[in-house]
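All remarks here apply to the structure that follows.
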2 protein chains.
Amino acid sequence: MTLDREQVLRSAAALLTRKSTATMDEVAKAAGIGRATLHRHFAGRDALVKALESLGIQEFEAALDAARLDEGTSEEGLRRLIAAVEPSAGLLSFLVNENQLFEGDEVNEGWDRADARVSAFFRRGQERGEFRIDLTPAWLTEALYGLVGTGAWSIQAGRVAAQDFQYMIVELLLGGARRSVEQ
Amino acid sequence: MTLDREQVLRSAAALLTRKSTATMDEVAKAAGIGRATLHRHFAGRDALVKALESLGIQEFEAALDAARLDEGTSEEGLRRLIAAVEPSAGLLSFLVNENQLFEGDEVNEGWDRADARVSAFFRRGQERGEFRIDLTPAWLTEALYGLVGTGAWSIQAGRVAAQDFQYMIVELLLGGARRSVEQ
DNA sequence: CTCATGTGAGACATTTTCGTCTCATCGAAG
DNA sequence: CTTCGATGAGACGAAAATGTCTCACATGAG
């Protein structure tokens, strides 16, 4: 009977991604549990969002670890990262658009830490001559987040096939839409 | 004294993008007007969001017109589109992440219409051999939205320079991050 | 079986937000 | 100056959401 905390968080993220103004009652119903039970595990809406944030950061950092970004070429590292991040894409999509909820007070250093790792990865790729240098690492980092979020959203909306997630994101991020001579 | 309806909508979009659960009072304060005045112009939160949606679609369709997507190469058309869309990026960024607020009932055919135009543009580019055919028009359309939203967000957060908006988006969308031989 | 634990449903008071209202004020037009 | 229209501030009740509580029930352990 013990409730699956992580499962609750995932369905909450899925709902809040679609409807950010959802009620605690709606969140509970979406998770298939009672409002009282939801309250027993998360003191309130803020606590719920913080838990979502913690879970998202934890999973993202785990994905960064699993991707072994410093092994092989940058392209290989990026492909591994996108693959590792796919299961968390929905959750991350929510957090990317909601991480401003706690205004100013605590920016969550975990997010900064992950940001720094991704940014450093792109910078390293530039120094190696594998990534273009006219796009800043900061922008490439943001674009990566944006495309992962967009990908998750597009799949959920049924506009693109779920199996294409990794391919679409990696290919667009690496090669863009232009048809080049080498293809 | 007559209140600038559009200005109110813009500041509302800016606030709601950051904090989607903002109250009507916060929206009013952000716009520098009283809550009563806000209510005189928009019956309620739903009416406000619908007005935002209408304005966003109107501006996006105007941008599509201004971009003359069928003139010149696809790349030129895309550059014109991004340039034309820049002033509305903040508003569009909000709508992209909130267009699911009216669940199921009315998907707003204006949005579908705009979607179809963008999608057709990418398809045309593919038929001309200017865009790769292994990325679907639907995905390219979504990616365009995502990158525009991410660009607006990144600039607002101060992570990238405002003057780079067009360049960053167009270059990434067209050429990707990979450093190719021709560069 | 008996018990302990965790749960769902719902009641309840409190808090927040909403929608409407009044009234004083400001500024422009006449 | 006077009038008119729009606004800001705030009061007010209604509605919604929240947080806490009780209680019956189900499940698993002993």
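Proteins come first, then strands; the chains are lettered A, B, ... in the order of their sequence lines, and each starts at number 1. Quick caveat: nothing in here was measured; it's all calculated off a predicted structure.
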Rounded distance in Å - [atom1] ([X]) to [atom2] ([N]):
X       : N      : atom1 : atom2 : result
B:Asp25 : C:dT15 : CG    : P     : 19 Å
A:Arg45 : C:dT16 : CZ    : C1'   : 13 Å
A:Lys29 : C:dT7  : NZ    : P     : 17 Å
A:Ile33 : D:dC25 : CD1   : C1'   : 17 Å
A:Met24 : C:dG10 : CE    : C1'   : 17 Å

Listed nucleotide nearest any side-chain atom of [X], set [options]:
X       : options               : result
B:Thr37 : C:dT20, D:dT7, C:dG10 : D:dT7
A:His39 : D:dT7, D:dG19, C:dC18 : D:dG19
A:Arg35 : D:dG8, D:dT18, C:dG10 : D:dT18
A:Thr23 : C:dG10, D:dT18, C:dT7 : D:dT18

**Report entry** Any donor-acceptor N/O pair under 3.5 Å between C:dG19 base and B:Arg40 side chain
**Finding:**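 Not at all, since no donor on one side and acceptor on the other fall under 3.5 Å apart.
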
Query raised in the report: When you measure from the side chain of A:Thr23 to the backbone N and O of A:Glu26, does any donor-acceptor pair fall under 3.5 Å?
Result: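 Between the backbone of A:Glu26 and the side chain of A:Thr23 there is no qualifying donor-acceptor contact (under 3.5 Å).
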
Query raised in the report: Taking the side chain from A:Arg80 and the backbone from A:Arg68, do they hold a donor-acceptor pair closer than 3.5 Å?
Result: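 Yes, A:Arg80 side chain to A:Arg68 backbone: donor-acceptor pair under 3.5 Å.
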
Query - Side chain proximity check, A:Ile155 to A:Phe165, heavy atoms < 4.5 angstrom - result: yes

Requested in this report: Could I get the full list of side chain to side chain contact (heavy atoms under 4.5 Å, CB included) partners for B:Asp65, not counting sequence neighbours?
Outcome: B:Arg117

